[in-house]
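Some notes on the structure that comes next.
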There are 2 protein chains.
Amino acid sequence: MADKAVPDIVVGRLPIYLRALTYLKADNREITSSQELGDRLGISSAQIRKDLSHFGEFGKQGTGYDIAHLERNLKAILHVDRMWDVVLVGAGDLGHALAAYRGFAGRGFRIAAVFDKDPAKIGKPIGNDLVIEDVATLADRVREQGWQIAIIAVPADQAQLVANTLVQAGIRAILNYAPITLMCPSGVRVEQIDPAAHLQHLTYYLG
Amino acid sequence: MADKAVPDIVVGRLPIYLRALTYLKADNREITSSQELGDRLGISSAQIRKDLSHFGEFGKQGTGYDIAHLERNLKAILHVDRMWDVVLVGAGDLGHALAAYRGFAGRGFRIAAVFDKDPAKIGKPIGNDLVIEDVATLADRVREQGWQIAIIAVPADQAQLVANTLVQAGIRAILNYAPITLMCPSGVRVEQIDPAAHLQHLTYYLG
DNA sequence: ACGAATTTGTCAATAGTTGCACAAATCGCA
DNA sequence: TGCGATTTGTGCAACTATTGACAAATTCGT
Ligand SMILES: NC(=O)c1ccc[n+]([C@@H]2O[C@H](COP(=O)([O-])OP(=O)(O)OC[C@H]3O[C@@H](n4cnc5c(N)ncnc54)[C@H](O)[C@@H]3O)[C@@H](O)[C@H]2O)c1
Ligand SMILES: NC(=O)c1ccc[n+]([C@@H]2O[C@H](COP(=O)([O-])OP(=O)(O)OC[C@H]3O[C@@H](n4cnc5c(N)ncnc54)[C@H](O)[C@@H]3O)[C@@H](O)[C@H]2O)c1
């Protein structure tokens with residue numbers, strides 16, 4: 001079955017499937033099944049089959065899925081069969097952790113540049129081989145490099161400002177760590193990470 | 001209308017509502033409406049009213065919601081009208097950022113202790129006033145202190161091991177930063193944060 | 001070569017979520 | 001006081017997501 005508007009919730013599960021496949025491959029496994037994937041991910045096998053069926057037929061009846069083949073296909077579907085440059089704004093504690101994070105490379109991402117506003121930080125090294133740049137030059141650099149993805153790791157009261165600059169400069173996808181809901185024009189996608197919100201979700205269930 | 005199994009997806013939105021209320025209060029606002037909240041959060045006003053109606057009647061027709069009152073009620077519903085101790089396992093780059101993070105306190109959480117396995121790190125200060133402890137003592141300390149919530153920030157290949165230890169010791173809620181799906185007994189809730197998965201969700205929509 | 005065991009992809013049924021629309025309540029102001 | 005403007009809480013309808021079930025395809029052991 002081919003594409004006509006795949007539900008966003010399905011798209012959100014694909015990276016999880018891809019992650020699981022990568023671990024299976026690292027374990028020298030060649031074949032898996034929707035049953036096995038589901039058991040590992042706490043998802044029903046029917047859901048996995050249904051999700052994948054939005055994009056094509058990747059399995060073989062009686063056998064299951066060739067891990068390398070499905071991995072390759074999921075990477076193509078998610079457009080991570082290439083390397084994406086990501087701009088990081090905010091070089092505080094979190095920004096330093098993200099700039100140094102080794103987990104992005106294997107999944108299609110590279111922190112291409114880091115920007116901060118603090119004169120004491122500008123010019124300092126960060127991550128593997130980057131130097132913190134002045135946020136005043138952010139818009140020009142984004143336009144010049146054609147970067148499309150940004151991570152925001154500045155204080156909450158600066159986040160909307162930074163987002164506006166990024167959007168003006170042509171950024172089309174933002175991963176926001178500031179604990180505030182960003183207002184962006186449609187056409188710009190935003191994903192949010194807020195650990196305190198996750199913790200509060202958990203405490204609801206703790207008497 | 002009172003409680004009979006509130007949908008998890010509704011619970012997950014409450015921290016977002018709470019966060020928005022806190023900003024409104026900081027702005028010296030006293031009253032808001034489902035309309036205003038919805039506009040700020042990109043959610044329909046009907047959904048906000050319906051979500052809140054699972055827990056009681058907090059608004060006043062014709063007027064809206066008293067911000068301080070609704071905030072107090074949401075905190076009670078989420079059980080963050082108290083301070084929770086959180087155990088952090090893993091004192092790498094991310095662990096250091098989390099240990100130093102100022103954003104937890106105002107939302108009901110305190111990093112109570114940090115554990116690592118690396119002898120070079122054990123005994124070193126971290127965060128405001130903590131010292132990195134030996135992960136070998138983790139289980140005993142969790143039992144002794146009665147901690148119920150943990151954050152896992154160790155490498156992926158260690159995360160399940162650490163989770164098992166935590167669960168054995170009585171932890172009931174885990175926020176997992178390792179990019180792997182944890183298998184935990186029912187009764188233990190797990191939330192996952194995986195920035196690469198979020199980025200891949202975004203790249204799906206970038207041609 | 002054949003039957004038992006797997007496993008996919010999909011249809012149909014079930015379950016869950018969101019949005020509409022409106023009565024009832026409240027407010028502000030003339 | 002009374003009227004128009006708001007805004008809530010909710011029943012109901014529309015929409016979306018998940019699960020169950022099974023024919024068809026494939027494998028494997030005898
Ligand atoms: N530290 C964590 O573990 C953590 C976890 C989750 C979310 N967050 C959130 O991530 C954001 C960053 O957290 P942090 O702990 O790194 O904070 P931080 O204060 O250590 O760092 C913020 C950095 O942003 C820079 N900055 C401020 N305004 C800027 C601007 N307009 N343009 C560019 N740079 C600017 C500051 O100079 C500073 O270097 C915050 O919104 C925080 O709430 C942090
Ligand atoms: N750095 C980031 O920005 C980032 C972002 C998202 C997710 N993550 C994930 O979070 C985890 C930690 O990331 P990091 O960058 O801090 O890695 P890191 O390698 O800097 O730190 C990992 C720490 O865990 C400790 N450790 C290893 N095994 C342990 C065990 N069994 N018990 C206790 N401690 C143990 C190590 O000694 C080290 O101090 C990883 O799973 C990573 O994939 C990191």
Side-chain angles (χ1 to χ4, degrees), chain A residues 1-17 20-21 24 29-74 77 201 204, chain B residues 1-17 20-21 24 29-74 77 181 186 201 204:
Chain A
M1 204 130 285
D3 40 12
K4 59 169 79 173
V6 177
D8 187 63
I9 194 165
V10 171
V11 177
R13 282 192 292 261
L14 300 183
I16 309 306
Y17 301 162
L21 290 170
L24 284 168
R29 297 283 311 285
E30 295 196 345
I31 303 284
T32 188
S33 65
S34 59
Q35 181 71 62
E36 183 184 39
L37 278 173
D39 289 349
R40 289 195 171 221
L41 298 177
I43 288 177
S44 79
S45 63
Q47 179 155 87
I48 291 175
R49 293 199 299 279
K50 182 121 220 238
D51 285 355
L52 295 178
S53 78
H54 284 98
F55 303 97
E57 309 199 351
F58 305 106
K60 211 178 190 178
Q61 287 170 333
T63 309
Y65 299 92
D66 180 275
I67 291 169
H69 176 250
L70 182 54
E71 189 191 31
R72 226 176 306 116
N73 275 278
L74 282 179
I77 291 164
H201 190 159
Y204 174 80
Chain B
M1 207 125 285
D3 40 12
K4 59 169 79 174
V6 177
D8 187 63
I9 195 165
V10 171
V11 177
R13 282 191 293 262
L14 300 184
I16 309 306
Y17 301 163
L21 289 170
L24 284 168
R29 298 282 312 285
E30 296 197 343
I31 303 285
T32 188
S33 65
S34 59
Q35 182 71 60
E36 183 184 38
L37 278 173
D39 289 350
R40 289 195 170 222
L41 299 176
I43 288 177
S44 80
S45 63
Q47 179 156 86
I48 291 174
R49 292 199 300 278
K50 173 87 69 133
D51 284 353
L52 295 177
S53 78
H54 283 98
F55 303 96
E57 309 199 350
F58 304 108
K60 212 175 187 178
Q61 287 168 333
T63 309
Y65 299 92
D66 180 275
I67 290 170
H69 176 249
L70 182 54
E71 188 190 32
R72 228 176 305 116
N73 276 278
L74 282 179
I77 291 163
T181 302
S186 69
H201 190 159
Y204 174 82

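All chains are named by letter (A, B, ...) in the order of the sequence lines, taking the proteins before the strands, and each is independently numbered beginning at 1. Just so it is clear, the values below take in all heavy atoms, side chains as well, and ignore hydrogens, waters and symmetry mates. Keep in mind that what you see is a predicted model, and the values were worked out from it rather than measured.
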Calculate the interatomic distance between [X] atom [atom1] and [N] atom [atom2]; express it in whole Å.
| X | N | atom1 | atom2 | answer |
| --- | --- | --- | --- | --- |
| B/L52 | C/dT18 | CG | P | 14 Å |
| A/I31 | D/dT26 | CD1 | P | 14 Å |
| A/D66 | D/dA25 | CG | P | 21 Å |
| B/I48 | C/dT18 | CD1 | P | 12 Å |
| B/L70 | D/dT8 | CG | P | 11 Å |
| A/D8 | C/dT17 | CG | P | 16 Å |
| A/Q35 | C/dG9 | CD | C1' | 15 Å |
| B/Q47 | C/dG16 | CD | C1' | 13 Å |

Under the side-chain hydrogen bond (donor to acceptor under 3.5 Å, both in side chains) test against A/T32, which residue among A/R29, A/E30, A/E36 passes?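 Only one of A/R29, A/E30, A/E36 forms a side-chain hydrogen bond (donor to acceptor under 3.5 Å, both in side chains) with A/T32, namely A/E36.
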Close side-chain approach of [X] and [Y], heavy atoms under 4.5 Å:
| X | Y | value |
| --- | --- | --- |
| B/F58 | B/R72 | no |
| A/L74 | A/I77 | yes |
| A/V6 | B/Y204 | yes |
| B/Y65 | B/E71 | no |
| A/L37 | A/Y17 | no |
| A/D51 | A/I43 | no |

Can you figure out which of [options] approaches the side chain of [X] most closely?
| X | options | value |
| --- | --- | --- |
| B/P7 | D/dG9, C/dT8, C/dT17 | C/dT17 |
| B/I9 | D/dT19, C/dT17, D/dT8 | C/dT17 |
| B/R13 | D/dT7, C/dT18, C/dT10 | C/dT18 |
| B/R49 | C/dT18, C/dA21, D/dT19 | C/dA21 |

Please state whether the phosphate of C/dT8, meaning OP1 or OP2, lies under 4.0 angstrom from any side-chain nitrogen or oxygen of A/S34.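 A/S34 to C/dT8 OP1/OP2: side-chain N or O found under 4.0 Å.
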Closer than 4.0 Å, any side-chain N/O of B/Y65 to the OP1 or OP2 of D/dG9?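 True: B/Y65 side-chain N/O within range (under 4.0 Å) of D/dG9 OP1/OP2.
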Please compare B/A46 and A/A46 by the position of their nearest nucleotide in DNA chain D and report the one closer to 5'. B/A46
Looking at every heavy atom in both A/P15 and B/H201, which two are closest together, and how far apart are they? CG-N, 4.1 Å
At their closest point, which heavy atom of A/I48 faces which heavy atom of A/S34, and how far apart are they?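 The answer is CD1-O, 3.8 Å.
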Can B/D39 and B/Q35 be counted as having a side-chain donor-acceptor contact under 3.5 angstrom? yes
To 10°, what angle do the rotation axes through the five end pairs on each side of the helix from C/dA1-D/dT30 to C/dA30-D/dT1 form? 20°
Would you say the side chain of B/K50 and the base of C/dG19 hold a donor-acceptor pair, judged only by whether the two atoms sit under 3.5 Å apart?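 Donor-acceptor pair under 3.5 Å: yes.
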By the 4.0 Å heavy-atom rule, please label A/S45 as base, sugar-phosphate, or nothing.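 No contact.
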Can you check nucleotides 25-27 of chain C for protein contacts, nitrogen or oxygen pairs under 3.5 Å, and list what you find?
{"unit_1": "C/dA25", "atom_1": "O4'", "unit_2": "B/Q61", "atom_2": "OE1", "d": "2.1"}
{"unit_1": "C/dT26", "atom_1": "O4'", "unit_2": "B/Q61", "atom_2": "O", "d": "3.1"}
{"unit_1": "C/dC27", "atom_1": "OP1", "unit_2": "B/K60", "atom_2": "NZ", "d": "3.3"}

